[in-house]
J.: 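Sharing a structure below in C-alpha cells format, with a few things to ask.
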Amino acid sequence: MLDLGWIREHPDEVRRGAARKGIAFDVDALLALDEERRQLIHIQEQAKAEQNALGKQVATLAGDSKQVALTRLKQLKEGVKEHTDRLAPIQQQIDVMLLACPNPPADDVPDGPDDSANVELRTEGTKATFDFQPKDHVELMRQHDWLDVDRAGRLAGSRSYVLKGEAVLLEQAVLRLAMDLIVERGYTMLSVPVIVKEWALRGTAYFPGAEEQTYRIANPTSEDEAFWLVGTSEVSVTALHGGEILDHADLPLKYAGISPCFRREAGTYGKDTRGVYRVHQFNKVEQVVVDVADDATSRQHHADILENAEEMLRRLGLAYRVMAVAAGDMGRGARFKYDLEAWMPGRDAYGETHSATRFRDYQARRLDLRYRDAEGKVRHCHTLNNTVIASPRVLVAFVETHQQADGTIAVPAALQPYLNGRTVLGKA
RNA sequence: GGAGAGGUGGCCGAGUGGUCGAAGGCGCGCGCUUGGAAAGCGCGUACUCCGGAAACGGGGUCGCAGGUUCAAAUCCUGUCCUCUCCGCCA
C-alpha cells in the first residue's frame, strides 16, 4: 500500500502507474474521500477537545454550574458521535481503496499488458542438445517408475502427483542443495506455518485479489478470521515481523523459508496439464530480505537475490534466461520483477522457475513492518523476495536436461554429495 | 475437549471510574563528576492522526472489537493470544 500523504502529493504518478499496470484506479475519488475525511476529523476533534476540557472540570463543580456543564457535555457527545458515524464509512472506503491502489512500477519496467511483453535481458548456460530422440519429463519419470499421476488423481484430483522412489530422493537432494546454498549466502532458514490468518495475505499484497487462487481452511480455530493455506512461504516469512518496530542495527533480515505451497490454479484448465509443471502442491525454498527504506540498497538486494537463484540453476547445470517482467504482468504490489526461466527441452521452451520481486515499502506498510533508523526516526522497511528452488517444477528442467540416450539421468557434481555420491539416477 | 490464571511502555512491574500515556525499577541517550572507568547525581527516553512553514496546539492508543458513563487501563460483552492442570495425541 502507498502512503496516503504521498498519494496526495503525487496523484499523477499514481495515475500513470495504475495505467501502466492496466489496473483501474480512481485517484480523484480517493483524494475526494480523503479531503472529506480530514474535514470531519477536524470538526470532530475540536468538539472532543472541548469535551475533554469540560469533563475535567465537572468533577470539581457542583449544583447548577454542574448541571449546565453536563448538559453541554451531552450535546458535545452527540456531536462527536454524529461525526464519528459519518467518518466510519468514509474511512472504510479509503482503506479499501488504499489496499487496491497499485504500486507504480519502476521507470525501467518494460511497458506491456501481459507476459508477452516481458523482456529477455540475457540468456545463460547452454541449452541441452541431444544426438538421440529426447524424452519429456513424464516419459522419463515413468521409465524409472518415479511418477504416479493416475493414482494421485484418484486420491487428490487433477494437478496432483505422487513422486516415487529415487524421484523423492532427488527432490530432497535439490532442496538440501538449495538450503545449503542460501545459508552459505548468509540467510537464516525458517520452517514456517503454511496455515495463516488472513492479515498475512493482505499484508503481503496477495489479498485482495488472489482469494480465488488460495485454499481456505473450512474449520478454522478462530470464528471471525479466516485461515488460508499459503501459496508460498513468502507470506509467512515476510509477515513474521509484522507490527514490529525493528532496530536498524538488526537489519537487513535475510531469511529463507522452506514449506509446501498450495495453489488452486483456478482458471488454468487445460493449461500445462502434462506432468508436474503446474500442480496444486509443491515444495519451495524462498528467500526474503527485509531492510531499510533506501532504494539503492533495495536494488542491490534485488541483484543479490537474483544472483543467488542463478547460482542455484548453475549448480543444477540448467540453462536459463533472465526476464524483466512487463508492467501489466507483475501484479499490484511489485515495483520491479525479474523472472528466471529454465530451459525445458520437453516443452522446447523456457519455463518460469523463479520470480524475484522488489516491493519498496508496499508490503511493509500493509504489514505495519517498521524500523527505527540511526536518527531514531520510525520508518517502513523495504521488502524483497525470490525463489531459491521450487520442486517439482525444477525437476522438469532437470531430468529433461540431464537425460542420457538410455533415459538415465546424469547427476551434476554439485548434487552428488546429496545423493550419496550417485552420478546417475534411473534405470535404462 | 474440560478446569483455572493472565495480557499495561524496549524489558520488569504498579495501577478497580476523573488529577493516568500511565508510579517505581531495569535498559538506553545526553550532561555533571573522574586521570580514565565504575558508582553517584541531574535531565531525557512510545506510537499514531489532524491543523501548522515552523514553534507548537489538539485527537487517539494500556492485546483487539464493541458497550455502559459527562468521564474507562480500571466496569460489562465478545474475541485473539499466552501460561498451568486434566484428557487425547504425531
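First the proteins, then the strands, lettered A, B, ... as listed; each starts at 1.
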J.: Just compare C80(B), G60(B), C47(B) and give me whichever is closest to any side-chain atom of R372(A).
T.: C47(B)
J.: Does C85(B) have a Watson-Crick or wobble partner in any strand here, with both distances under 3.5 angstrom, and which is it?
T.: G2(B)
J.: Roughly how many Å apart are C41(B) and C50(B), using the P atom of each and rounding to a whole number?
T.: 43 Å
J.: Select base, sugar-phosphate, or nothing to describe what R72(A) touches, counting heavy atoms under 4.0 Å on all strands.
T.: nothing
J.: Considering only side-chain heavy atoms of E45(A), which listed nucleotide, G59(B), C81(B), U69(B), is closest?
T.: G59(B)
J.: A3(B) and U48(B): how far apart are their P atoms, nearest whole angstrom?
T.: 42 Å
J.: Compare the minimum distances between each of G59(B), C47(B), G18(B) and the side chain of A49(A), then state the nucleotide with the smallest one.
T.: G59(B)
J.: Closest-nucleotide mapping onto RNA chain B: is A53(A) or R8(A) further toward the 5' terminus? I mean the 5' end.
T.: R8(A)
J.: Could you please name the partner base of U68(B), counting Watson-Crick and G-U wobble pairs only when both distances are under 3.5 Å?
T.: none
J.: Given the ring of F282(A), does R393(A) sit roughly above its face, with NZ or CZ under 6.0 Å from the centre of the six-membered ring and within 45° of the axis?
T.: no
J.: Is the distance from OP1 or OP2 of G18(B) to the nearest side-chain N or O of K56(A) less than 4.0 Å?
T.: no
J.: Is the distance between the ring centroids of Y206(A) and W228(A) less than 6.0 Å?
T.: no
J.: Which nucleotide, if any, forms a Watson-Crick or G-U wobble pair with G21(B), using both distances under 3.5 Å?
T.: none
J.: If you measure from the C1' atom in G9(B) to the same atom in G44(B), how many Å do you get, rounded?
T.: 15 Å
J.: Return the nucleotide paired to A39(B): Watson-Crick means purine N1 to pyrimidine N3 with N6-O4 or O6-N4, wobble means G-U with N1-O2 and O6-N3, both under 3.5 Å.
T.: none
J.: Heavy atoms only, 4.0 Å cut-off, all strands: where does N52(A) land among base, sugar-phosphate and nothing?
T.: sugar-phosphate
J.: Determine which nucleotide pairs with G7(B), using a 3.5 Å limit on both distances of a Watson-Crick or G-U wobble pair.
T.: C80(B)
J.: For a side chain to side chain donor-acceptor pair (under 3.5 Å) check, start with the C-alpha distance between Y277(A) and H137(A), then their side-chain angles and the critical distance, and finish with the verdict.
T.: CA-CA 9 Å; Y277(A) 183 84; H137(A) 74 282; over 6 Å; no
J.: Looking at R38(A), does any N or O in its side chain come under 4.0 Å of the phosphate oxygens OP1/OP2 on G51(B)?
T.: yes
J.: Quick one: is C50(B) close enough that its OP1 or OP2 comes under 4.0 Å of any side-chain N or O from R37(A)?
T.: yes
J.: Does the side chain of T268(A) pick up a donor-acceptor pair with the side chain of R159(A) at under 3.5 Å?
T.: yes
J.: What distance, rounded to whole Å, do you find between the two P atoms, one in U16(B) and one in G1(B)?
T.: 35 Å
J.: Looking only at the side chains, is there a donor atom on one of E139(A) and Q403(A) sitting less than 3.5 Å from an acceptor on the other?
T.: no
J.: Tell me the partner of G51(B), counting only Watson-Crick (N1-N3 plus N6-O4 or O6-N4) or G-U wobble (N1-O2 and O6-N3) with both under 3.5 Å; none if nothing fits.
T.: C56(B)
J.: Can you tell which of C50(B), C80(B), U69(B) lies closest to the side chain of K77(A)?
T.: U69(B)
J.: Under a 3.5 Å cut-off for both distances, is U74(B) Watson-Crick or wobble paired, and to whom?
T.: none
J.: Indicate, with yes or no, if the rings of H302(A) and Y338(A) have centres closer together than 6.0 Å.
T.: yes
J.: Report yes if a side-chain nitrogen or oxygen of K48(A) is closer than 4.0 Å to either non-bridging phosphate oxygen (OP1 or OP2) of G60(B); otherwise report no.
T.: yes
J.: With a 3.5 Å limit on both atom pairs, tell me what C28(B) is paired to, counting Watson-Crick and G-U wobble, or say none.
T.: G44(B)
